[in-house]
Amino acid sequence: MKKRCGWVTEDAVYIHYHDKEWGRPLYDDQKLFELLCLEGAQAGLSWLTVLKKRDGYREAFDQFNPELISQYSEDKIQTLLKNEKIIRNKLKVRSVVTNAQAFLKIVEGDQSFSDYLWEFVEGEPIQNSWDSIEDIPSQTERSQFMSKQLKKAGFKFVGPTICYAFMQSSGMVNDHVTECFCYQEIKNEEGTQ
């Protein structure tokens with residue numbers, strides 16, 4: 001039986017996410033934007049709750065297309081706040097629109113969103129080596145700096161803990177525990193790039 005990180009439950013959605021997505025380097029602008037918004041939606045809730053609503057979010061928010069989202073009217077926002085397929089917190093829903101506008105300002109400057117974000121780890125995933133999930137920090141100096149810069153750029157729901165969770169999920173840091181089968185797999189993939 002494969003050893004996984006201790007936070008993974010028996011839920012098939014969680015297992016698939018852990019095995020195939022979490023901690024694997026992500027460089028696609030739109031997918032990074034989606035992930036950042038979903039990490040913000042998770043604040044105060046379990047990540048599994050957000051994962052189970054991810055398809056509903058994609059449908060509700062035009063597949064996380066920042067160009068479309070940045071133009072949402074107040075009527076569209078009110079419709080979203082009635083959508084049971086997403087988390088209907090008005091600050092979180094509005095933050096996706098604000099974040100889309102901030103995203104567009106970054107990419108207008110001839111820089112990809114991916115390059116902008118990966119600069120926080122100097123373009124390379126950080127390979128940690130934690131023996132237990134209790135050892136893993138909830139935030140770091142880098143996530144604090146990322147949070148500060150994202151807020152300055154106009155993003156919402158990007159506190160240092162949310163930023164660190166984003167760094168973990170997008171593969172900017174490999175925080176799989178050392179006994180997890182994904183830990184070495186991801187480390188080996190990094191060596192071949």
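Just so you know, these numbers use all the heavy atoms, side chains as well, and skip hydrogens, waters and symmetry mates.
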* Return yes if some donor-acceptor pair links the side-chain N/O of N188 with the main-chain N/O of E185 below 3.5 Å, else return no. => no
* To do: Output yes when a side-chain donor or acceptor of S147 lies under 3.5 Å from a complementary backbone atom of V158, and no otherwise.
  => yes
* Applying ring pair (Phe, Tyr, Trp, His ring centres under 6.0 Å), which residue pairs with at least one partner in residues 72-109 are found, sequence neighbours left out? -> F33-F103, F103-F113
* **With sequence neighbours excluded, residues passing side-chain contact (heavy atoms from CB on, under 4.5 Å) with I133** =>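 Once residues adjacent in sequence are excluded, the partners of I133 under the side-chain contact (heavy atoms from CB on, under 4.5 Å) criterion are W7, I136, V177.
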* Asked: Can you check whether Y14 and W47 have ring centres sitting under 6.0 Å from each other?
  -> no
Do the non-hydrogen side-chain atoms of [X] and [Y] ever get within less than 4.5 Å of each other?
X	Y	result
I15	T9	no
M172	F166	yes
L32	L26	yes
V173	P125	no

* **Nearest heavy atoms of A41 and I87, plus distance in Å** => O-CD1, 3.8 Å
* Asked: Distance under 6.0 Å and angle within 45° of the ring axis: does K2 meet both against F181?
  -> yes
* Restricting to pairs with a member in residues 92-101, which pass side chain to side chain donor-acceptor pair (under 3.5 Å), not counting sequence neighbours? -> E74-R94
For [X], which residues count as a ring pair (Phe, Tyr, Trp, His ring centres under 6.0 Å) partner, sequence neighbours excluded?
X	answer
W130	none
F157	none
F145	F120
Y57	F61

For [X], side chain to side chain donor-acceptor pair (under 3.5 Å) partners two or more places apart:
X	value
N89	none
T140	none
K151	none
E21	R54

* **salt bridge (Lys or Arg N to Asp or Glu O under 4.0 Å) contacts touching residues 4-20 (sequence neighbours left out)** =>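 Sorted pair list: R4-D19, D11-K52.
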* Asked: Among K3, Q184, H18, which residue meets the side chain to side chain donor-acceptor pair (under 3.5 Å) test with H176?
  ->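 In the set K3, Q184, H18, the residue that makes a side chain to side chain donor-acceptor pair (under 3.5 Å) with H176 is H18.
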* CD on Q149 to CD on E119, rounded to 0.5 Å -> 10.5 Å
